[in-house]
Amino acid sequence: MKQVLGKVVSNSEVKPEYFLMEIEAPSLAGEAKPGQFLTIRCGNATSPLLRRPLGFHRINDPRFQVLYEVVGKGTRLLSEMKAGNKVDILGPMGNGFKIPDKPKDVVIVAGGIGVAPLVALAETLAGKKHKRIYAVIGARDRKSLLCERDFRDMGIETLVATDDGSCGRKCFATQILEDLFSAKRDFSPVIFACGPEAMLQKVAAIARKRKAEAYASLEENIACGVGACLGCAIETRSGYKLVCEDGPVFNLNEVVWR
Ligand SMILES: Cc1cc2nc3c(=O)[nH]c(=O)nc-3n(C[C@H](O)[C@H](O)[C@H](O)COP(=O)(O)OP(=O)(O)OC[C@H]3O[C@@H](n4cnc5c(N)ncnc54)[C@H](O)[C@@H]3O)c2cc1C
Ligand code: FES
């Protein structure tokens, strides 16, 4: 992990309140793996005091991209940055996704902005020999649906669920995951997920029922980011673990939900 001053290459609004920022930071981009994250200083001075964590959305050394939703002060300040601005970044942090070494079926399940780190994962998976890769993307509505084109352009079979039915099926992403299992015989995929906790709990339940391996990138409030404050602890079957140090990717069969 290192602290670098990256250069903003571009920062544009891809959908209302969702921004894609490209940053040039050769030493950091060269080390980053899908599922790892960085922490970024969003303001110049002491406000907001804490760096904000973001996952790597696409990694293309010497650059990488972050895809983020504006939800508060930090991400609002980030959205106001312009090409040429310098950003103070710490990373890469965390464990990242473990890529299966044998060809397997894979299902990627994304909810909302949780899709952000799964695109970097899909790029790595698509470059390896896997039997079939499916991406299931869930969003509130068409306006907040992200990255459908990214997955399709990688040749990944992409299935969309929206809460209001304005795009794809009117259901939750987890319903599509359930239906994939029901429709296919001898289907024993590895599942990779990121999204709201309610979605991850459901993915965990489906994986348990179907005896499938499932991993998810969890989001907890990150303060120090380096295992010092214990503020990001979660309970697992093997005791308390830190999202910033032991995660953010965990085996979903291990997580004990509150
Ligand atoms: C490992 C990791 C990777 C992440 N990757 C991404 C990413 O790629 N793209 C992205 O848009 N966001 C990502 N997040 C969430 C992102 O860090 C928060 O949205 C951001 O810190 C909010 O900062 P803010 O100052 O704008 O909002 P704040 O003012 O801090 O908070 C505004 C609202 O957002 C809620 N919030 C803050 N942090 C989180 C969080 N971690 N999870 C859920 N709700 C939160 C607060 O409770 C509050 O309601 C990630 C979080 C983690 C832990
Ligand atoms: S954020 Fe401080 S220990 Fe994880």
Side-chain angles (χ1 to χ4, degrees), residues 1 11-23 32-59 64-81 87-97 108 110-123 137 139-140 144-147 150 192-201 215-236 239-250 255 258:
M1 180 183 54
N11 189 27
S12 54
E13 192 168 22
V14 289
K15 291 264 170 124
E17 301 293 36
Y18 293 98
F19 285 74
L20 180 67
M21 179 185 276
E22 184 159 46
I23 298 174
K33 290 190 303 198
Q36 289 190 298
F37 66 100
L38 53 93
T39 60
I40 188 162
R41 194 171 286 294
C42 301
N44 287 330
T46 49
S47 172
L49 184 63
L50 297 175
R51 292 163 175 276
R52 299 299 195 245
L54 294 173
F56 290 95
H57 172 59
R58 280 183 180 265
I59 304 163
F64 65 84
Q65 293 178 345
V66 286
L67 177 67
Y68 60 96
E69 181 178 6
V70 174
V71 294
K73 186 168 182 180
T75 44
R76 171 70 59 208
L77 284 168
L78 215 54
S79 73
E80 289 162 4
M81 289 193 182
V87 275
D88 180 346
I89 316 162
L90 210 53
M93 294 172 166
N95 55 358
F97 291 106
I108 289 167
I113 189 61
V115 73
L118 296 172
V119 169
L121 170 71
E123 277 189 317
I137 320 175
R140 277 192 307 275
S144 52
L145 178 70
L146 298 163
C147 304
D150 300 69
F192 294 105
C194 185
E197 188 171 314
M199 185 196 92
L200 297 183
Q201 286 196 32
Y215 301 90
S217 178
L218 303 189
E219 285 196 8
E220 270 298 320
N221 288 326
I222 300 283
C224 72
V226 292
C229 72
L230 310 186
C232 64
I234 59 151
E235 195 177 350
T236 72
Y240 282 92
K241 298 267 163 86
L242 299 176
V243 168
C244 70
E245 234 185 18
D246 305 309
V249 180
F250 289 89
V255 176
R258 282 164 291 200

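As the structure lists them, so they are numbered: ligands from 1, and atoms in each ligand from 1. Bear in mind that the values here come from a model prediction, so they are computed numbers and not experimental data.
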Exercise for the section: Indicate yes or no: does K241 engage D246 in a salt bridge with an N to O separation below 4.0 Å. Expected result: no

Problem - Nearest-option assignment for atom 4 (C) of ligand 1, heavy atoms, candidates S217, P53, P196 - result: P53

Handout entry: Nearest protein heavy atom under 4.0 Å from atom 35 (C) of ligand 1, yes or no
Key = no

Handout entry: For A116, the ligand 1 atoms whose distance to one of its heavy atoms is below 4.0 Å
Key = 8 (O)

Practice task
Check each of C42, G55, G35 against atom 6 (C) of ligand 1 and report the one with the nearest heavy atom.
Solution key: G55

Exercise for the section: Pull up every protein N/O/S atom sitting under 2.8 Å from atom 2 (Fe) of ligand 2, skipping waters. Expected result: C224 SG, C229 SG

Handout entry: Flag: protein heavy atom within less than 4.0 Å of atom 38 (N) of ligand 1
Key = yes

Problem - Any protein heavy atom < 4.0 Å from atom 49 (O) of ligand 1 - result: no

Practice task
Would you check whether V66 reaches within less than 4.0 Å of ligand 1, judged by its heavy atoms?
Solution key: no

Exercise for the section: Check each of R52, E219, K73, M93 against atom 30 (O) of ligand 1 and report the one with the nearest heavy atom. Expected result: R52

Practice task
Give the residue, atom name and distance (to 0.1 Å) of the protein heavy atom nearest atom 33 (C) of ligand 1.
Solution key: V71 O, 3.9 Å

Handout entry: Polar atom proximity, G74 to ligand 1 (N or O, under 3.5 Å)
Key = yes

Problem - Parallel, tilted or perpendicular, as decided by the 30° and 60° cut-offs, for the rings of F97 and F192 - result: perpendicular

Problem - Interfacing atoms of ligand 1 (cut-off 4.0 Å, heavy-atom, I222) - result: 53 (C)

Would you give me the side-chain donor-acceptor pairs under 3.5 Å for residues 221-229, sequence neighbours excluded?
none

Handout entry: Under-4.0 Å salt bridge between R140 and E17
Key = no

Problem - For E220, the ligand 1 atoms whose distance to one of its heavy atoms is below 4.0 Å - result: 41 (N), 53 (C)

